[in-house]
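Heads up, the thing below is written out as structure tokens.
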2 protein chains.
Amino acid sequence: MKRLLERIDREILATGGKRSRSRAVVIDRFFRARDHVTIEELTRSVRESAPGIGAVTVYRTLKLLERLGYAKELDFGEGARRYESNLSPHHDHLVCRQCGTVIEFEDREIEQLQDLVTRRHGFHPTAHRLEIYGFCRKCASGTSPERSR
Amino acid sequence: MKRLLERIDREILATGGKRSRSRAVVIDRFFRARDHVTIEELTRSVRESAPGIGAVTVYRTLKLLERLGYAKELDFGEGARRYESNLSPHHDHLVCRQCGTVIEFEDREIEQLQDLVTRRHGFHPTAHRLEIYGFCRKCASGTSPERSR
DNA sequence: CTGATTATGAAATTCATTTTCATCATATCC
DNA sequence: GGATATGATGAAAATGAATTTCATAATCAG
């Protein structure tokens, strides 16, 4: 973890940036956070250890991490973006419409078929997003719904 | 086409709504439009035949069509939503990052694998979205980029 | 037709995100 | 170590899509 932060700092320096205390806090909190955080959630978390930090800095830092390839923007259609770290390997998402739970999955076969389709259209793919929306086991089984977003 | 509009009008009446001239224009233009229109594009089109119609009405009408199952919201991460009609069968999208071209495709195999994954997680799916981003044949081949959005 | 209710458009509002700008912090050069 | 240039920060303002409000107009039911 410390290693990672140092590496990112070095990359920032190498691209003409400067280090900063606030940003270090944001990055640290981001990598420790549960997956798929919103800016708002992350800002709250950041302020636990550094109350003065503004949401703008969180926005900017996540844009930065995205540019460097450490974060990925997600949009589950909730009105606000979410971010996840790019440290874990590629995966897609199952999103429960009732309780908001997000399950990650990875399927080599689907990926391969996607490549095929893409090539068939002369397309050169750079990224894709696959989200399946529905109801998770708990919510589908008529059990009382959990937390709702 | 006329049939379709009449059918929609009947459904609106049946659910406690009223017919309206403005809405008829919006709906007509929507079904005639190229796929994947933004509200702004559609509003422009609508105003060709009825200059007085406000964007708000276009927003409202598309929400209505979505509720009735005739339209589908899309989000290619451009900042503004797009809508497509639900008349053609289900399909997914290849989106060119350079020129904005959207190619539609349909792949039974991918759909089946998605079902499998979903079931494996005890999930009850209601919808999914698969978008592959990249560069279309023209843009990938280094040819001069086309219109860019 | 009359009354009741929905639809409309303009303007105001909301809300996430971005930009601006004066100030602060960090790196660099001496 | 200090001066200086430049990047980073936070507060407030700006932006922009989408939604809500509200007074007025259109449409439906009896």
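Just the heavy atoms: all of them, side chains too, but no hydrogens, waters or symmetry mates, feed the values below. Per chain, numbering begins at 1; letters A, B, ... match sequence-line order.
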request  = Any chance you could list the contact pattern along nucleotides 17-30 of chain D? Use B for base contacts, S for sugar-phosphate-only contacts and - for none, protein heavy atoms under 4.0 Å, 5' to 3'.
outcome  = SBBBB----BBS--
Rounded to whole Å, please give me the gap between [atom1] in [X] and [atom2] in [N].
X     : N      : atom1 : atom2 : result
B:L62 : C:dT8  : CG    : P     : 12 Å
B:I27 : C:dA7  : CD1   : P     : 11 Å
A:L65 : D:dA8  : CG    : P     : 13 Å
B:R47 : C:dA10 : CZ    : C1'   : 11 Å
A:F76 : C:dA16 : CZ    : C1'   : 17 Å
A:D9  : D:dG7  : CG    : C1'   : 14 Å
A:R10 : C:dA27 : CZ    : C1'   : 17 Å
B:R67 : C:dT6  : CZ    : C1'   : 13 Å

key: Donor-acceptor pair between A:R81 and A:Y59 side chains, under 3.5 angstrom   = no
Where at least one partner belongs to residues 92-102 of chain B, residue pairs that pass salt bridge (Lys or Arg N to Asp or Glu O under 4.0 Å), sequence neighbours excluded = none
task = Name all residues meeting the ring-ring contact (aromatic ring centres under 6.0 Å, His included) criterion together with B:H124; count only those two or more places apart in sequence or in a different chain, and write none if there are none.
result = none
ring-ring contact (aromatic ring centres under 6.0 Å, His included) partners of B:H121, counting only residues at least two apart = none
5' precedence on DNA chain C between B:G16 and B:G52 (nearest-nucleotide basis) = B:G16
Could you list the donor-acceptor pairs under 3.5 angstrom formed by side chains in residues 12-22 of chain A, with sequence neighbours left out?
unit_1	atom_1	unit_2	atom_2	d
A:T15	OG1	A:E11	O	3.1
A:T15	OG1	A:I12	O	3.0
A:S20	OG	A:R23	N	3.0

remark   = So ring pair (Phe, Tyr, Trp, His ring centres under 6.0 Å) across residues 80-107 of chain A, not counting sequence neighbours, yields A:H36-A:H93, A:F76-A:H93, A:H90-A:H128, A:H91-A:H93
